[in-house]
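Here is the structure we will look at.
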Amino acid sequence: MRVMVTGGAGFIGSALVRHLVLDRGYEVLNVDALTYAGNLESLRAVEGQPGYRFFQANICDRAEMERAIAQFRPDRLMHLAAESHVDRSITGAADFIQTNVVGTFNLLEAARGYWSNLEPDRAVNFRFLHVSTDEVYGSLGDEGLFAEETPYDPSSPYSASKASSDHLAKAWQRTYGLPVVISNCSNNYGPYHFPEKLIPLTILNALAGEPLPVYGKGENVRDWLYVEDHARALDMIAERGRLGETYNVGGRNERRNIDVVRQICEVLDRISPSNRPRHELISFVTDRPGHDARYAIDATKLETELGWRARETFDTGIEKTVQWYLDNEWWWQPLRERYAGERLGLVGQSRT
Ligand SMILES: NC(=O)c1ccc[n+]([C@@H]2O[C@H](COP(=O)([O-])OP(=O)(O)OC[C@H]3O[C@@H](n4cnc5c(N)ncnc54)[C@H](O)[C@@H]3O)[C@@H](O)[C@H]2O)c1
């Protein structure tokens, strides 16, 4: 099995590459532009493995994508490369439109050219997995879950760009017959997560005794999934998902942001005590504009059709994650030095 992964140096992509190479024994070509979010240090575990190769390229460069695909001749293309941080999308949307929309279009076209010239027995087994987010569905009230049929209603430039790319992927399946499957997943957390996102930022600020910023009143609810559970789901969906279908991925772990931050404080106080309880560092800051109130995923289709189950609950996953950050300062310390943690995503700031 030869799998081309885009965005394999990112948070979820690197978990997927580690899973495919180490647990499944697949040959993997990781294609990644190495933006600020890409980090080859997250791939130390597969570096030097005979089945693993890295190619630095931008998915917006069609000729490079065609070359990568033609030379590697994948059985599967798993597309994760994206600009992924909502706050950055509010401050500067251009990169999000370019990578998430134009880049996905390029990749679909490059894959279509390759697939349409494959021998029939390989063409029939080829899969293009488009990896997306539950944020495309917009915001829920207190009740209900996002199902695969929930209408798209994105709120941020990030989710709007992902929604656009999902529509393109679906259209390439319906119009050209490209064997596309789509996944929409809830918020991930776990090892190797870039320290601008809520969970790693909270862990590292708490360790350093720095303020723990919580947007608004911290009442926004997210449905958290441990990243390795997501990686296994993506592998299953690419292998056995039905063509043209969407699969929602989520761990049934709804938490308010404030409760996530408090739980991290409790875990840290227990396993790495300090002289002051960490929850005293919590500081409420101006809310994110257009901040969706609640996300929650109904993963029944993935569970019943493909037999996937999340292995981690939030309690077990957050414990592992906090411990990982305590044990792996070599990974995050250079990022903390380069990334000052400047607040982004307030209307009025502009980078475009
Ligand atoms: N993080 C989440 O909670 C979450 C949840 C559901 C879905 N997703 C989706 O999963 C995918 C991966 O998310 P992540 O959190 O790992 O993101 P990430 O920001 O950690 O990683 C993105 C990777 O893509 C690469 N990249 C960015 N632009 C590129 C370009 N133009 N060409 C080639 N490579 C490029 C970056 O270098 C980086 O390695 C994204 O498509 C995202 O929308 C994320």
Side-chain angles (χ1 to χ4, degrees), residues 4-18 29-43 54-62 64-65 68 77-89 94-107 110 129-137 146 154 156-166 169 182-200 222-231 233-234 237 246-251 253 260 295 297 299 317 321 335 339:
M4 175 168 151
V5 175
T6 70
F11 168 49
I12 301 169
S14 66
L16 177 66
V17 170
R18 292 190 300 272
L29 175 68
N30 172 13
V31 176
D32 195 298
L34 297 182
T35 68
Y36 81 97
N39 187 352
L40 293 178
E41 295 292 343
S42 307
L43 293 157
F54 173 67
F55 178 50
Q56 183 169 1
N58 193 315
I59 60 165
C60 298
D61 186 332
R62 173 91 148 265
E64 288 280 67
M65 290 307 107
L77 205 163
M78 301 175 80
H79 172 37
L80 291 87
E83 288 292 338
S84 72
H85 189 41
V86 176
D87 287 345
R88 283 179 190 264
S89 81
D95 287 347
F96 288 73
I97 305 306
Q98 205 52 40
T99 286
N100 299 0
V101 184
V102 179
T104 299
F105 160 71
N106 268 326
L107 213 54
L129 175 67
H130 176 69
V131 178
S132 191
T133 165
D134 63 352
E135 301 195 26
V136 297
Y137 298 123
F146 293 135
S156 71
Y158 164 65
S159 53
S161 69
K162 290 297 293 187
S164 310
S165 67
D166 294 10
I182 297 174
S183 65
N184 293 85
C185 187
S186 60
N187 285 51
N188 283 215
Y189 69 101
Y192 304 100
H193 203 180
F194 193 82
E196 67 185 346
K197 305 274 170 94
L198 176 70
I199 288 182
R222 298 293 179 261
D223 184 357
W224 293 96
L225 183 68
Y226 193 65
V227 67
E228 291 173 12
D229 281 324
H230 189 192
L234 295 177
I237 296 168
T246 289
Y247 292 84
N248 280 353
V249 190
N253 280 298
V260 168
Y295 303 143
I297 279 276
T321 304
L335 299 177
Y339 166 70

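This one's a predicted model, so the numbers in the text were calculated from it and none came from an experiment. All residue numbers in this chain count up from 1 along the given sequence. Just follow the structure's listing: the first ligand is 1, and inside any ligand the first atom is 1. These numbers come from the heavy atoms of this one structure, side chains and all, not from hydrogens, waters or symmetry mates.
Residue contact check: Gly7 has heavy atoms under 4.0 Å from atoms 23 (C), 24 (O) of ligand 1. Residue Val131 approaches ligand 1 through these ligand atoms, each under 4.0 Å from one of its heavy atoms: 10 (O), 41 (O). Listed by number with element, the atoms of ligand 1 under 4.0 Å from a non-hydrogen atom of Leu34 are 37 (O). Contact atoms of ligand 1 toward Ser186: 5 (C), 6 (C) (distance under 4.0 Å to a heavy atom of the residue). Listed by number with element, the atoms of ligand 1 under 4.0 angstrom from any heavy atom of Ser132 are 6 (C), 7 (C). Residue-ligand proximity, Asn187 to ligand 1, at heavy-atom distances under 4.0 Å covers atoms 3 (O). Atoms of ligand 1 lying under 4.0 Å from at least one heavy atom of Cys185, given by number and element, are 5 (C), 6 (C). Interface atoms of ligand 1 facing Ala57, defined by a heavy-atom separation under 4.0 Å, are 32 (N), 33 (C).
Panel note: side chain Ser183, backbone Leu234; no donor-acceptor pair is recorded below 3.5 Å. Asn188 places no side-chain N or O within 3.5 Å of a backbone atom of Val227 that could act as its donor or acceptor partner. Between the Asn184 side chain and the Thr133 main chain, a donor and an acceptor come within less than 3.5 Å of each other. A donor-acceptor pair is defined here as one N or O able to donate and one able to accept, closer than 3.5 Å; no such pair exists between the side chain of Asp223 and the backbone of Gly250. No donor-acceptor pair under 3.5 Å is formed between the side chain of Ser159 and the backbone N or O of Pro154. Looking at Asp95, its side chain never comes within 3.5 Å of a backbone N or O of Glu83 through a donor-acceptor pair. Side-chain atoms of Asn100 do not come within 3.5 Å of backbone N or O of Ser161 as any donor-acceptor pair. Between the Arg62 side chain and the Phe105 main chain, no donor and acceptor come within less than 3.5 Å of each other.
Protein heavy atom closest to atom 21 (O) of ligand 1, with residue, atom name and distance, is Gly10 CA, 3.3 Å. Among all non-hydrogen protein atoms, the one lying nearest atom 3 (O) of ligand 1 is Asn188 N, 2.8 Å. In terms of protein heavy-atom proximity, atom 34 (N) of ligand 1 is closest to Ala33 N, 3.0 Å. Atom 20 (O) of ligand 1 has Phe11 N, 3.0 Å as its closest protein atom, hydrogens excluded (heavy atom only). Taking atom 35 (C) of ligand 1 as the reference point, the nearest protein heavy-atom neighbour is Ala81 CB, 3.7 Å. Nearest protein heavy-atom neighbour of atom 41 (O) of ligand 1: Lys162 NZ, 2.6 Å.
Because its NZ or CZ atom is both nearer than 6.0 Å to the ring centre of Tyr36 and within 45° of the ring axis, Arg88 counts as a cation-pi partner of that residue.
Ligand 1 is never approached by Thr6 to a heavy-atom distance shorter than 4.0 Å. The closest approach between a heavy atom of Gly103 and any atom of ligand 1 is not below 4.0 Å. For the ligand labelled ligand 1, residue Tyr158 lies inside the 4.0 Å heavy-atom shell.
Separating the CD atom in Glu228 from the CD1 atom in Ile12 is a distance of 12.0 Å, to the nearest 0.5 Å. In this structure, the separation between CH2 on Trp224 and OG on Ser186 is 9.0 Å, given to the nearest 0.5 Å. Interatomic distance, CD1 of Ile182 versus NE2 of His130, reported as 6.0 Å (0.5 Å rounding).
Where the criterion is an N or O separation shorter than 3.5 Å, residue side chain and backbone included, Thr35 meets it with respect to ligand 1. Considering backbone and side-chain atoms alike, Leu80 places an N or O below 3.5 Å from some N or O of ligand 1. Note: an N/O pair closer than 3.5 Å links Ile59 and ligand 1 by distance alone. Taking only nitrogen or oxygen atoms, main chain and side chain alike, Asn39 does not reach within less than 3.5 Å of ligand 1. Among the atoms of Thr99, some N or O lies under 3.5 angstrom from an N or O of ligand 1.
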Does the side chain to side chain contact (heavy atoms under 4.5 Å, CB included) test come out yes or no for Val249 and Ile237, once each step is laid out? CA-CA 10 Å; Val249 190; Ile237 296 168; 3.9 Å; yes
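Nearest residue to atom 30 (C) of ligand 1 from Ile199, Asp32, Asn58 is Asn58 (criterion: closest heavy atom). Nearest to atom 44 (C) of ligand 1 by heavy-atom distance, out of Ile12, Leu40, Thr133, is Ile12. Residue Ala82 holds the heavy atom nearest to atom 22 (C) of ligand 1 of all those in Ala82, Ser84, Ser161.
Screening Leu129, Val31, Ile59, Val131 for a side-chain contact (heavy atoms from CB on, under 4.5 Å) involving His79 leaves a single residue, Ile59.
In Gln98, neither the side chain nor the backbone holds a heavy atom less than 4.0 Å from any atom of ligand 1.
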